[in-house]
Amino acid sequence: MVDLNRRSLFRGRRAPALRPPWARRPDEAFTDACTRCGDCQRACPEGVVVVADGGFPALDFRQRGCTFCGACAQACTPLALDRRVEPAITAVAVIADNCLARRQVDCRVCGDACEARALRFPPRRGGVPLPVLDVEACTGCGACVGSCPVQAIRVPPAA
Ligand code: SF4
Ligand code: SF4
Ligand code: SF4
């Protein structure tokens with residue numbers, strides 16, 4: 001079995017990852033400051049901080065989203081997570097073609113999960129309403145990700 005994490009470590013490269021909120025940017029600045037101590041992961045009450053490629057923390061929204069409670073940044077003594085970094089997350093939600101609404105099934109579950117009201121379903125003539133993301137309103141919190149019955153939403157790391 002190929003261990004992708006080890007392989008990219010040996011090559012000196014890391015797969016792109018969605019870092020915890022307030023992570024220093026660019027990612028090299030974050031990984032330079034992060035000691036891989038795991039304090040942010042232990043501090044997260046939602047369990048959305050996981051250990052990712054190279055032992056660095058990343059966000060996993062498959063079960064829940066981030067509430068921006070700040071506990072991870074508060075726990076980060078080297079300030080790799082720094083509350084002065086704004087916005088906390090630059091990534092936004094992306095909806096894939098397997099979205100049920102795009103297949104003519106009336107589904108608005110993700111919109112209900114979005115506290116920021118960034119997912120709207122404008123009425124559409126001749127078909128069920130489709131999700132439309134307001135990228136300015138999306139906080140990248142990931143609450144929509146786990147709500148989707150067909151795993152059609154992701155919050156990929158910003159390019
Ligand atoms: S802000 Fe809170 S919920 Fe979000 S990753 Fe940090 S500790 Fe977890
Ligand atoms: S919850 Fe998933 S399937 Fe339903 S509208 Fe949103 S993206 Fe589409
Ligand atoms: S990532 Fe958060 S703010 Fe953005 S669409 Fe999903 S639930 Fe709404």
Side-chain angles (χ1 to χ4, degrees), residues 16-25 27 29-31 33-53 55-159:
L18 182 63
R19 299 299 178 201
W22 305 287
R24 289 193 194 191
R25 294 191 281 271
D27 200 55
F30 171 75
T31 53
C34 174
T35 61
R36 295 177 268 185
C37 65
D39 285 349
C40 55
Q41 183 191 18
R42 284 185 287 276
C44 178
E46 305 299 327
V48 297
V49 180
V50 298
V51 177
D53 207 2
F56 293 100
L59 293 172
D60 181 342
F61 292 145
R62 283 177 294 181
Q63 303 296 325
R64 287 181 202 86
C66 168
T67 62
F68 299 102
C69 69
C72 52
Q74 201 169 350
C76 182
T77 44
L79 288 182
L81 306 179
D82 183 340
R83 291 293 292 259
R84 291 170 296 186
V85 173
E86 289 291 343
I89 294 175
T90 53
V92 296
V94 173
I95 302 171
D97 284 342
N98 64 322
C99 163
L100 292 173
R102 291 184 183 172
R103 297 181 177 204
Q104 297 303 315
V105 178
D106 196 358
C107 175
R108 306 180 198 194
V109 174
C110 56
D112 293 339
C114 179
E115 281 188 25
R117 302 183 65 79
L119 284 162
R120 303 290 179 90
F121 290 80
R124 193 168 67 100
R125 200 181 279 248
V128 302
L130 300 178
V132 176
L133 181 75
D134 178 344
V135 292
E136 298 299 325
C138 177
T139 62
C141 74
C144 54
V145 172
S147 77
C148 176
V150 292
Q151 293 84 48
I153 310 187
R154 296 181 306 124
V155 181

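Computation of the quantities below employed the complete heavy-atom set of this structure, encompassing side-chain atoms and omitting hydrogens, waters and symmetry-equivalent molecules. As the structure lists them, so they are numbered: ligands from 1, and atoms in each ligand from 1.
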Which atom pair, heavy atoms only, marks the closest approach of Val92 to Pro156?
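Val92 and Pro156 have their closest heavy atoms at O-CD, 3.7 Å.
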Mark up the atoms of ligand 1 that fall under 4.0 Å of a heavy atom belonging to [X], in ascending order.
| X | result |
| --- | --- |
| Cys69 | 1 (S), 2 (Fe), 3 (S), 7 (S) |
| Val48 | 5 (S), 8 (Fe) |
| Thr67 | 3 (S), 4 (Fe) |
| Val49 | 5 (S) |
| Phe68 | 1 (S), 4 (Fe) |

More than 12 heavy atoms of other residues, nucleotides or ligands under 6.0 Å from [atom1] of [X]: yes or no?
| X | atom1 | value |
| --- | --- | --- |
| Arg102 | CZ | yes |
| Glu136 | CD | no |
| Arg62 | CZ | no |

Among all protein non-hydrogen atoms, which one is nearest to [atom], and what is the separation to 0.1 Å?
| atom | value |
| --- | --- |
| atom 4 (Fe) of ligand 1 | Cys66 SG, 2.3 Å |
| atom 1 (S) of ligand 3 | Gly142 N, 3.2 Å |
| atom 8 (Fe) of ligand 1 | Cys44 SG, 2.3 Å |
| atom 6 (Fe) of ligand 1 | Cys72 SG, 2.3 Å |

Only protein N/O/S atoms count here: give how many lie under 2.8 Å from atom 8 (Fe) of ligand 2.
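For atom 8 (Fe) of ligand 2, the figure is 1.
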Would you say Cys141 reaches atom 4 (Fe) of ligand 3 with an N/O/S atom under 2.8 Å?
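No, since none of the N, O or S atoms of Cys141 sits under 2.8 Å from atom 4 (Fe) of ligand 3.
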When you look for heavy atoms under 4.0 Å from ligand 1, do you find them on the side chain of Phe61, its backbone, both, or neither?
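The answer is neither; Phe61 stays 4.0 Å or more away.
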Atom indices of ligand 2, in the order listed, that fall short of 4.0 Å to a heavy atom of Phe121:
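Under 4.0 Å from Phe121, ligand 2 has these atoms: 5 (S).
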Please determine if atom 2 (Fe) of ligand 3 has an N/O/S atom from Cys114 lying under 2.8 Å away.
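No N, O or S atom of Cys114 is closer than 2.8 Å to atom 2 (Fe) of ligand 3, so no.
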Counting heavy atoms only, which part of Thr139 comes closer than 4.0 Å to ligand 3: side chain, backbone, both or neither?
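Both parts.
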What part of Pro149 sits under 4.0 Å from ligand 2 if we count only heavy atoms: the side chain, the backbone, both or neither?
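Near ligand 2, Pro149 shows its side chain, while the N, CA, C and O stay back.
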Side-chain contact test, heavy atoms from C-beta onward, threshold under 4.5 Å: evaluate it for Pro21 versus Leu59 and give yes or no.
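Yes. Closest side-chain heavy atoms under 4.5 Å.
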Can you confirm whether Cys144 sits close enough to Phe61 that some side-chain heavy atom of one is under 4.5 Å from a side-chain heavy atom of the other?
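In short, these two side chains do not touch, never coming nearer than 4.5 Å.
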Donor-acceptor check, side chain of Arg19 to backbone of Pro57, threshold 3.5 angstrom: yes or no?
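Answer holds: yes.
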So is Arg36 actually on top of Phe56's ring, under 6.0 Å and inside 45° of the axis?
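Checked: cation-pi criterion met.
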